[in-house]
Amino acid sequence: PRAVRGSYGILVIAIFVASYAQDFQIDDKELFVILKALIAGVACIYFKRTRRDFREHFVDVMYYMAIISLVLYPLAYVAPGIARHIDDEYSTVFGLLYVRSTDLQRFNHYRNQGIFWEAGVYGVMLTMAFAYNFLKYKKRPNWVFLLAALSTQSMGALSVLMPFAAYCYLHQRQPRLANLAAIMLGVVVALVLAAPGAIDDAFSTLFGRSLQGDS
């Protein structure tokens, strides 16, 4: 946009320089953090200047990402050889889907993680997109987000998404019943969490992690 002047150009140039600098044999962890901050800065300037709704674009991006992953994920699942190795843990399908060897070791199959480094992160992003779409925009079919989230097999994301989705659909038809169910569920969860060792047991069951022994 015309309103974006020198600061925008400087940030774009800095991102290109930082990106290419990573090709040299240097420790790029700190550089990568700076690079992400610069990309975030460009994004903030863009949405501020254009007055566009980032959340609506986020829903659109996640919708098409979900469709792509739902097409490619089954291919990686039934034909693992289609995934090209990146390193000892990650492989990619056409650069549009990542899969992890650790998933094969733990679950004997891949999980849908989209372009993210972990399926749980993708599940959280899909949960956010579903919430924005259902409550505000209503422009994309919600089942696409739900199906993609289910394929992540992320207990963390699904433990938030599925009750929320059930509440939303029930609230459309029976608002009072939905609110009553939400209150009852909240009370039950509070009682369970108040029980000794309940949080440890929940983490162990949902995530296979120990709060005491897992760093």
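With Lys138 contributing its side chain and Phe134 its backbone, the two residues share a donor-acceptor pair below 3.5 Å. No side-chain donor-acceptor contact under 3.5 Å links Gln174 to the backbone of Arg176.
Using a cutoff of 4.0 Å between basic side-chain nitrogens and carboxylate oxygens, Glu56 and Lys139 are scored as salt-bridged.
Closest approach of Ala129 to Val59, counting heavy atoms only: O-CG2, 3.8 Å. Looking at every heavy atom in both residues, Arg100 comes nearest to Trp117 through CD-O, 3.6 Å. In plain terms, the two heavy atoms of Arg111 and Tyr73 that are nearest each other are C-CE1, 3.6 Å. For the residue pair Thr127 and Ala157, the shortest heavy atom distance occurs at OG1-O, 3.9 Å. Of all heavy-atom pairs between Gly156 and Ser159, the closest is O-OG, 2.8 Å.
Below 30°, between 30° and 60°, or above 60°: for Tyr169 and Phe130 the angle between ring planes is between 30° and 60°, a tilted geometry.
Side-chain contact, Thr102 with Glu89: a donor N or O sits under 3.5 Å from an acceptor N or O. Asn112 and Ser69 form a side-chain donor-acceptor contact under 3.5 Å, judged by distance and modelled atom types alone.
Cluster annotation: Leu135 and Val144 are assigned to the same hydrophobic cluster (Ile/Leu/Val/Met/Phe/Trp/Tyr, side-chain heavy-atom contacts under 4.5 Å, transitive).
Less than 6.0 angstrom separates the ring centroid of Phe47 from the ring centroid of His57.
The 12-atom threshold is not exceeded at CG of Asp88, counting heavy atoms of other residues, nucleotides or ligands nearer than 6.0 Å.
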